[in-house]
Amino acid sequence: MISRIKGTHDLLDVKLFNLIVDQAKHLLQNYHFSEIITPILEPIELYKRSLGLETDIVSKEMFIVSSENEETICLRPEATAATMRAFLEHSIQSNPWKVFSCGPLFRHERPQKGRYRQFNQVNIEIINSSAIAHDIQLITMLERFFGQILKRDSFALALNFLGCYNDRQSFKGILQNFLISIQDQLCSQCLIRKEKNIMRVFDCKNQTCQALYAQAPQIAQHVCASCALEWQQLQEQLSLLSVSFNYKPQLVRGLDYYDKTVFEFISDNLGAQTAFCGGGRYDALPQQLGSDQQVPSVGAAFGVERLMLLLEPHLNQLTFPVQPALHVIIPFTQEQQRLALLLADEMHAANLCTDVFVEGDSVKSMLRKANKMGARFALLLGPDEHTAREVMVKDMVDGTQETIHQADLVMFLKSKN
Ligand code: ATP
Ligand code: MG
């Protein structure tokens, strides 16, 4: 037997998955975002430059597919870099470019509940606008969406502000001094981060380090005047819109391209990994990709599987789209099968959801099977009906039966729907 690849899964019932994605698409269209699709295969260089060499994703989670003519191709681990690549590659002029995409991403992580090697995201970007009002609108939209879809499930919004590039450069010195003062208590990983990618220390999972970082200097308190104003506007306007948030000075997010606003939506019901959505502003990403254009942007992504985990305990309280009534045609013998296929063809053309039983079981067991499937009507085709050009229509809900002429069948069933 061949089994599926570790960290991947077969989704045998897509109802909940589709409910989440369909509702997200509906919401995004209402907020005037358009959908795009970018390739699953991308050059690895895209992520090395954008996410940064020291990030977990690039340093250990990439799925490399092949190397051709000095170009290494990988499976995409996130969607923002490719969306920005597409914006630059197609010289898009929209100001802003409001787009979203849905699809699978790949990270070679240690699989556990809510953490897979292939997973799906809805990724949302507002590209080419520096207005902090877009950060506010994006966060508010997500808060409303999660509030609506998760209803009973509590979640919280964690928010931080990382300032601009220059702010972070000067903050690194301040942070360095603090880390030196406690370096004999830091874990070995943090000592490496301190040298290679200092802001990443805040990502440390070690409890001792985290307790020490509660006293660390906070970047949001060390930003330039114009960033300080934006940080203030962000907080004030979110409060005005009744979006509650927790200021979390240790939130830096796992990727190197973030500037200014960063946020995560978190839930206690997800086990070890608590975030189900993350995002922020990434004003410097185009430069990291080699462009000389200024393309300030803000975006977010949420994991479909993590939302599914949150919703699974409440399945019976969700409203799924109504399934069309199922009609099952039951030919009694081989002889009626041809006629059954002809009738089914006519019914499909009339948009009636129809299945034909062709396994040659007894009528009794076919009726039992139709019942189990939740069929609304069973259409019985025996030798008598065959000769008389009729069908016996059995209402599976009240058990009544009616004989209908084959020529009138579609019209009769349509009147019942
Ligand atoms: P985490 O802290 O859990 O590793 P992350 O910061 O790596 O998350 P992002 O890159 O911000 O996650 O991706 C956004 C969202 O995508 C996450 O909030 C989560 O819902 C989902 N996600 C990320 N990695 C995985 C994974 N390996 N399996 C399932 N969902 C994931
Ligand atoms: Mg991660």
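Order of appearance sets the numbers: ligands from 1, and atoms from 1 within every ligand. Below, all heavy atoms of this structure are taken into account, side chains as well, without hydrogens, waters or symmetry copies.
- Annotation: Ile57 places no N or O atom under 3.5 Å from an N or O atom of ligand 1; distance criterion only.
- Among the atoms of Gly303, some N or O lies under 3.5 angstrom from an N or O of ligand 1.
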Derivation of the side chain to side chain contact (heavy atoms under 4.5 Å, CB included) call for Gln189 and Asn206: CA-CA 9 Å; Gln189 271 294 315; Asn206 186 305; over 6 Å; no
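- Under 4.0 Å is where a charged nitrogen must lie from a carboxylate oxygen, and between Glu109 and Arg115 at least one such pair does.
- Here the two rings, on Phe202 and Tyr213, have centers that are under 6.0 Å apart.
- For a threshold of 3.5 Å applied to N or O pairs, the pair formed by Tyr116 and ligand 1 contains at least one separation below that value.
- Ring pair Phe33/Phe100: centre-to-centre distance not below 6.0 Å.
- One option in Glu61, Arg107, Glu264 has a heavy atom closer to atom 12 (O) of ligand 1 than any other, and that option is Arg107.
- Of the heavy atoms in Gln121, only side-chain atoms (C-beta onward) come closer than 4.0 Å to ligand 1.
- Using a 4.0 Å cut-off between a side-chain N of Lys or Arg and a carboxylate O of Asp or Glu, Asp203 and Arg200 qualify as a salt bridge.
- Considering backbone and side-chain N/O of Glu305, none are found under 3.5 Å from N/O of ligand 1.
- Between Phe302 and ligand 1, no pair of N/O atoms sits closer than 3.5 Å.
- Contact between Glu78 and ligand 1 is absent, with no heavy atom of the residue lying under 4.0 Å from the ligand.
- A side-chain donor-acceptor contact under 3.5 Å links Thr354 to the backbone of Leu352.
- Listed by number with element, the atoms of ligand 1 under 4.0 angstrom from any heavy atom of Phe276 are 18 (O), 20 (O).
- Taking every non-hydrogen atom of Cys277 and a distance limit under 4.0 Å, the qualifying atoms of ligand 1 come out as 18 (O).
- The ligand atoms of ligand 1 that sit less than 4.0 angstrom from a heavy atom of Arg253 are 6 (O), 11 (O).
- There is a side-chain donor-acceptor pair under 3.5 Å between Glu125 and Tyr282.
- No donor-acceptor pair under 3.5 Å is formed between the side chain of Ser94 and the backbone N or O of Pro96.
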